[in-house]
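To start, the structure itself, in structure tokens.
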There are 2 protein chains.
Amino acid sequence: MTGTAADIDVSRDGAGTVVPLNELMLDIGRRARKAGRILALASDAERATALRNAARAIRDDADGLLAANAEDVAEARAAGRIEAFIDRLQLTPARVEAIASAVEAVADLPDPVGRLLATFNRPNGLVIERVAVPLGVIGVIFESRPNVAADAGSLCVKAGNAAVLRAGSESFRSAARLVAALRTGLEQAGLPADAVQIVPVRDRDAVGLLLGGLEGTIDVIVPRGGKGLVGRVQAEARVPVFAHLDGVCHVYVHADADLEMARTVLLNAKLRRTGICGAAETLLVDRAVAGTHLKPLVTALLDAGCEVRGDAATQAVDERVKAATDEDWRTEYEDAIISAKVVDDIAAAIDHIETYGSHHTDSIITANGDAAVRFQREVDSAIVAHNASTQFADGGEFGFGAEIGIATGRMHARGPVGVEQLTSFKYRIHGNGQTRP
Amino acid sequence: MTGTAADIDVSRDGAGTVVPLNELMLDIGRRARKAGRILALASDAERATALRNAARAIRDDADGLLAANAEDVAEARAAGRIEAFIDRLQLTPARVEAIASAVEAVADLPDPVGRLLATFNRPNGLVIERVAVPLGVIGVIFESRPNVAADAGSLCVKAGNAAVLRAGSESFRSAARLVAALRTGLEQAGLPADAVQIVPVRDRDAVGLLLGGLEGTIDVIVPRGGKGLVGRVQAEARVPVFAHLDGVCHVYVHADADLEMARTVLLNAKLRRTGICGAAETLLVDRAVAGTHLKPLVTALLDAGCEVRGDAATQAVDERVKAATDEDWRTEYEDAIISAKVVDDIAAAIDHIETYGSHHTDSIITANGDAAVRFQREVDSAIVAHNASTQFADGGEFGFGAEIGIATGRMHARGPVGVEQLTSFKYRIHGNGQTRP
């Protein structure tokens with residue numbers, strides 16, 4: 001068994017034997033399970049050392065990594081990929097340093113394993129503890145951003161989990177090189193390199209096999225990429241998935257909203273970065289303040305270069321507003337476009353969000369505490385904000401450190417998925433000979 | 001839309017229109033989702049009132065329930081079911097009262113919804129709270145015990161979830177009657193009856209449809225029954241499952257075990273009740289104390305009427321010990337039978353448990369604290385006990401109140417699944433106009 005992803009690749013694609021894909025994938029799963037068990041019992045110091053080693057290995061291999069990335073980029077250009085795609089794919093010395101630093105930052109996070117989550121002191125003298133343990137083996141499927149290999153791999157290692165990474169064929173060489181550095185870091189720390197593996201072939205059927213769970217060796221799948229990927233994973237996976245398909249986030253300007261605050265928060269929520277999942281896509285303005293607030297808010301958006309697609313009331317305040325269709329209320333633009341609507345009251349706002357939203361992140365702007373409590377209670381989203389930008393939907397902003405993604409499901413993880421959400425738990429019963437009556 | 005399971009049944013099986021099964025099931029799922037949303041926003045007082053009403057409705061309908069159960073029992077007898085099966089199915093006035101009391105006990109549990117799970121005070125002044133919310137819609141598939149309908153249904157309601165129950169055809173009439181009482185309780189409390197529904201047809205294809213998730217309306221499936229049912233559910237479900245397939249639980253008598261404690265705990269772990277999942281199935285005795293401890297422990301088991309299947313060392317201490325095969329180490333007897341083996345040391349004990357166990361509940365008997373820490377750390381089971389019987393694997397014994405089952409999976413719930421494990425969470429961000437830089 002060899003130490004790097006490149007080595008695995010050779011064993012299949014080189015002059016030697018070619019392993020059938022399902023056997024290759026199953027072997028990856030089994031090795032991940034075995035390595036994960038060892039990693040789960042390693043100390044935090046060992047896991048952190050492995051990650052610091054990996055960061056050093058990334059820096060040491062910067063030239064090789066950039067060369068591999070250049071091949072990926074050349075292939076992507078030859079395939080006619082658009083510039084935004086190339087930008088996600090392309091590494092620079094500064095980006096390589098950022099990747100290495102991010103791995104070190106994960107190393108420095110508090111140990112999520114072994115946290116005492118609850119204690120139950122029983123009348124019979126038993127002390128029962130619920131304690132955090134690693135989740136197991138995490139499959140990560142991503143597309144063009146090679147940094148996901150390092151980010152996701154290091155988060156998994158920090159939480160004591162094995163990772164099986166599947167890179168998009170576009171970022172294949174770059175991601176494999178980063179995984180090789182993670183494996184070097186693990187080996188140097190005396191931990192099994194197989195705790196981080198990358199699927200060493202581009203065959204798209206590998207994704208289907210991974211989604212099938214590889215005979216129970218994969219515990220959870222995290223897709224990182226566009227809606228096409230996430231949708232396929234959610235539809236086909238036979239194991240749990242941590243993901244969000246859409247981020248149709250709302251800003252609701254309530255009857256008791258301060259206009260200045262509403263304008264500031266709205267502009268940030270929509271325009272700080274338009275491509276992130278926490279960006280606002282719909283503005284809802286309460287009819288009670290539509291007369292005073294709607295025009296200034298819409299004008300501010302338009303003047304900042306944002307296209308506004310509105311209902312009749314919104315169109316009436318500025319001729320630059322286009323007409324919204326029903327489809328607009330469901331659309332995550334990921335661009336400088338917003339849909340806008342006047343709603344009758346807070347109930348109508350909540351109803352709109354439940355009808356058209358994606359249960360990701362929604363915000364109410366109001367000086368009315370009761371309205372905020374109601375909104376935060378009744379809006380069934382992973383994150384519900386009061387007087388704050390929706391763009392705070394981010395593990396770093398929550399203080400979780402890096403995140404492997406944001407989940408809108410309700411099982412196990414929800415919202416930003418940081419290292420704590422990459423753990424499970426077990427119970428320890430401490431007795432002195434107790435028997436059950 | 002009518003109020004009781006019996007009504008739904010009539011709409012299909014009566015003289016009127018017959019709805020195709022997939023439409024019938026999908027309608028159940030959609031009604032559950034809708035009712036669940038209302039239940040999720042109800043107060044604990046409302047949910048508790050619904051359950052107390054339901055308990056009263058069960059008592060009020062005792063005669064009808066016993067008559068329905070008598071039909072189920074007669075059918076089971078006619079089908080040649082064994083007496084143990086009939087016993088699980090049969091209700092008596094005392095059992096009806098126990099069911100009603102259990103529903104009241106669930107009503108009295110602390111509210112699992114709205115618990116503040118964590119607070120993050122951010123440098124920018126944001127206060128971020130993680131707060132418990134209901135999980136959603138829970139599918140419960142069970143077999144012959146009609147009380148599961150009331151137990152599982154009431155736990156779901158207490159945690160603000162909707163329940164879709166699928167009773168085995170043997171307990172069909174009894175379970176439907178109990179569900180009708182739960183629905184009456186909900187309606188009397190002003191809550192939607194559809195928060196608890198029972199699949200109103202015996203068609204076995206209904207199980208497959210339920211396991212498919214009914215177009216995303218089912219969030220999690222809980223199977224309650226024999227290994228055949230649990231195995232099918234785990235293999236076929238397209239949604240998460242809270243379950244355990246096997247309870248191959250171990251008692252490991254360590255080198256520093258007190259013989260008296262070992263004997264007491266072992267007899268309780270094996271023989272208090274042999275049919276529950278937390279009953280011990282394998283005894284491991286450390287070689288260091290085999291000379292002093294093995295014979296007394298084995299003799300105690302044999303004398304108590306327990307069959308012992310052992311390795312050569314165990315067979316040597318008493319001629320009544322039968323030879324164990326490799327299959328014995330993997331077997332959950334659910335009977336007064338135990339497998340027994342001498343292991344070289346704690347590492348060998350842990351290795352045996354990881355190789356043959358089912359990650360349910362395992363116990364070490366030792367006066368050595370370091371050994372206990374190691375065992376509890378390295379044994380990868382939902383519950384790992386020190387100097388205590390494995391039969392404590394029970395939500396009631398943990399202080400959780402009733403449980404919907406015991407899970408050996410690692411996602412979301414693990415160990416006893418009580419009302420707290422039937423919740424998810426959301427984040428509330430409290431700001432005063434913060435924007436993200």
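So that the names make sense, note that chain A is the first sequence line, chain B the second, and so on, each numbered from 1.
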Given a strict heavy-atom distance threshold of 4.5 Å, which part of [X] is in contact with chain B: side chain, backbone, both, or neither?
| X | value |
| --- | --- |
| Glu260(A) | neither |
| Val379(A) | backbone |
| Glu129(A) | neither |
| Thr390(A) | neither |
| Ala269(A) | neither |
| Arg272(A) | side chain |
| Ala235(A) | backbone |
| Ile128(A) | side chain |
| Glu236(A) | backbone |

ring-ring contact (aromatic ring centres under 6.0 Å, His included) against Phe425(B), all qualifying residues, sequence neighbours excluded: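 Listed in chain order: Tyr427(B).
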Closest heavy-atom pair and its distance - Arg410(A), Val133(B):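 In terms of heavy atoms, the two residues are closest at NH2-CG2, 3.7 Å.
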Met411(A) CE to Met411(B) CE distance, which is reported to the nearest 0.5 Å: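 One gets 7.5 Å once the value is rounded to the nearest 0.5 Å.
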Inter-residue atom distance Leu126(B).CG - Glu397(A).CD, 0.5 Å rounding: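 One finds 8.0 Å between CG of Leu126(B) and CD of Glu397(A).
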By a 4.5 Å heavy-atom criterion (distance strictly below it), what part of [X] contacts chain A: side chain, backbone, both, or neither?
| X | value |
| --- | --- |
| Val239(B) | neither |
| Ser381(B) | backbone |
| Arg130(B) | side chain |
| Ala372(B) | neither |
| Pro123(B) | neither |
| Asn124(B) | side chain |

In terms of heavy-atom pairs under 4.5 Å, which option from [options] contacts chain B the most?
| options | result |
| --- | --- |
| Ala385(A), Gly409(A), Ala40(A) | Ala385(A) |
| Leu41(A), Asp219(A), Val131(A) | Leu41(A) |
| Ala262(A), Gly278(A), Ala382(A) | Ala382(A) |
| Phe398(A), Phe400(A), Phe120(A) | Phe398(A) |
| Gly399(A), Gly114(A), Ala413(A) | Gly399(A) |

Pairs meeting criterion ring pair (Phe, Tyr, Trp, His ring centres under 6.0 Å) with involvement of residues 363-394 of chain A, two or more places apart: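 Sorted result for residues 363-394 of chain A: Tyr252(A)-Phe375(A).
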Max heavy-atom pair count under 4.5 Å with chain A, selected residue of Asp394(B), Thr361(B), Asn121(B):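 The option with the most such pairs is Asp394(B).
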Heavy-atom pairs under 4.5 Å with chain A, option from Leu135(B), Thr264(B), Val265(B) with the top count: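 The candidate making the most pairs under 4.5 Å is Leu135(B).
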Any residue meeting side-chain contact (heavy atoms from CB on, under 4.5 Å) with Asp370(B), in chain and number order, not counting sequence neighbours: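 Counting only residues at least two positions away or on another chain, Asp370(B) forms a side-chain contact (heavy atoms from CB on, under 4.5 Å) with Asn368(B).
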Member of Arg377(B), Arg414(B), Gln376(B) meeting the side chain to side chain contact (heavy atoms under 4.5 Å, CB included) criterion with Lys426(A):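 The passing option is Arg414(B).
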Close approach to chain A in residues 428-437 of chain B, criterion heavy atom under 4.5 Å: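 So far as heavy atoms go, Arg428(B), Ile429(B), His430(B), Gly431(B), Asn432(B), Gly433(B), Gln434(B), Thr435(B), Arg436(B), Pro437(B) are the residues that approach chain A to under 4.5 Å.
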